[in-house]
Amino acid sequence: MSNVQQEVFEIISKQAKIDIGAIKLESTLKDLGVASLDAIEVIFDIEEHFNINLPNEEVDFESGTVGHLIEAVERQLAQKAG
Amino acid sequence: MRRIVITGMGGICALGQNTSDIWQAMTEGRSGIGHVHHIEAKYLRNNAIAAEISDFDPLKYIDEARVPFLDPLSQYALVAAGEAIRQSGLDFRGERAARTAIVVGVGSAGEETREGLYRQLYAENASRFHPLGIVRIMSNAPASHISMVHGITGPTFVVSSACASSNHAFAQAAMMIRAGLVDTAIAGGTEACITLGVLRAWEAMRVMAPDTCRPFSAKRRGMVLGEGSGIFVLETLESAQARGATILAELAGVGMSADAGDIAAPSEVGAATAMRLALQDAGMQPADVDYINAHGTGTAANDATETRAIHNVFGEHASRLAVTSTKPMHGHALGAAGALEMIAVLGALRDNIVPPTLNYLEPDPACDLDYVPHKARAMNVRAALSNSFAFGGLNAVVALRKP
């Protein structure tokens, strides 16, 4: 598991109050019981943690998976490094 | 039960500084959304767009000695109240002063003053705080200044329920008239919320559109803030007839509910309940209604939920309704939203023109009603609903019919 993945999983597990083992790359935030403002808070925590901005287009609360979210974080981190 | 009619309307928003200009812009399908003048786009992630009032000179409308006491929140309310009261032909000398209520919906407060003074305090370490901060910021100031300018001495206060504030104000005013507490009420809403702090706070909720507001359309990306005020004169039918006043419409019923659910996500049940109660209170059947001025914020969640709620209440009549959101024109003015939308509803009932839903791109399967895209429609409007559904799950709907 990459560091980014590990850290994103930890943030979600803390916000959703679920065991980290229950989170899969193909789960959506909704599947994990993180909806509405809780989901927006998860994104905010991720932005704060990595010091990045995740544009609205990168975040699909309906069908986006945790895997997609991690890819978006990696893209923003790469952009920041570049 | 005492019947209530509307005999005066006043307004100011990005579309104009009186209701004739605003209504004309609505029938022509003009949008007031553009770049915010005083905030640079670089301070926002999402583009600094809003439906902002421009070229506003308070001295054109308000006594010079009063202006220093006023945040734009109160200035806008005084402009709208002045127009509405002039149009109604009422004056408040004698007994009517104490038999008139003022109820104004405000979602926030004097935000421009608050941000300006707090910036001086926190960022510039100012040692002195301006003495008029409190009286400009307090959210009841608009109601107070209407009472002072017009000499109205009856029950006067502000109600606050975020984006439903104006409709709750109409409901509260109507109930005081029905209860016999007053015979006349000055009711509506005001908001002056285009500040950097407010824009940033909304943006952080990820409900703001970077392009524009496209209610009920596929590819809609959220809401765009607006500002302004709408104020109306409500009185008993008897009083209006006795003085030969021009009646704009009957305020026939109100319906209110709380979702008791999520703090932000809308609820079909809560919205449908408020619409159903408004119809019931007005003694209307679903088939009596021709037009709904929707809450229609342009967010994915609101527009789909509101559409389902309309189906739920109106059944097969839903497809025969004209349902429009005027927010792409005047923006989402939060606590003033229902009041600006009342201008659209009164115009529709009076002139038999339904203002359009602008910026519509293509159908969304979750939004399958007749939204009158792009261009206003000439059609008979016998009765209408005006919907407001607030964050916090607070819903208020007003039912109106032709006089």
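In what follows, chains are A, B, ... by sequence order, proteins preceding strands, each numbered from 1.
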For B/M205, is it the side chain, the backbone, both or neither that has a heavy atom under 4.5 Å from a heavy atom of chain A? both
Looking at B/P328, is its backbone amide N or carbonyl O close enough to the side chain of B/S31 to form a donor-acceptor pair, meaning the two atoms are under 3.5 Å apart? yes
I'd like to know whether B/E40 forms a salt bridge (charged side-chain N to carboxylate O under 4.0 Å, His left out) with B/K42, so could you lay out the CA-CA distance, the side-chain angles of the two residues, the decisive distance to 0.1 Å, and finally the verdict. CA-CA 5 Å; B/E40 287 180 60; B/K42 68 173 182 190; 3.7 Å; yes
Quick one: CD1 on B/I137 to CG on B/L73, what's the gap to the nearest 0.5 Å? 11.0 Å
Starting at CG of B/N302, measure out to OG1 of B/T297 and round the result to the nearest 0.5 Å. 3.5 Å
Contact origin within A/E41 toward chain B - heavy atom pairs under 4.5 Å: neither
Working to the nearest 0.5 Å, report the span between SG of B/C193 and CD of B/E227. 6.5 Å
Output, in order, the C-alpha distance, side-chain angles, deciding distance and verdict of side-chain contact (heavy atoms from CB on, under 4.5 Å) for A/V66 and A/F9. CA-CA 8 Å; A/V66 174; A/F9 275 29; 3.5 Å; yes
Output the residues of residues 67-76 of chain A for which the shortest heavy-atom distance to chain B is under 4.5 Å, in residue-number order; output 'none' if no such residue exists. none
If you measure from OG on B/S325 to CD on B/E306, what distance do you get to the nearest 0.5 Å? 8.0 Å
Name the region of B/A204, side chain, backbone, both or neither, that has any atom closer than 4.5 Å to a heavy atom of chain A. backbone
Would the number of heavy atoms belonging to other residues, nucleotides or ligands and lying under 6.0 Å from NZ of A/K14 be above 12? no
Contact listing (chain A partner; residues 356-365 of chain B; heavy atom under 4.5 Å): none
Which residues pass the side chain to side chain contact (heavy atoms under 4.5 Å, CB included) test with B/R45, not counting sequence neighbours? A/E47, A/N53, B/E203, B/R206
Report, in residue-number order, which members of residues 30-40 of chain A are under 4.5 Å from chain B by heavy-atom distance. A/S36, A/L37, A/I40
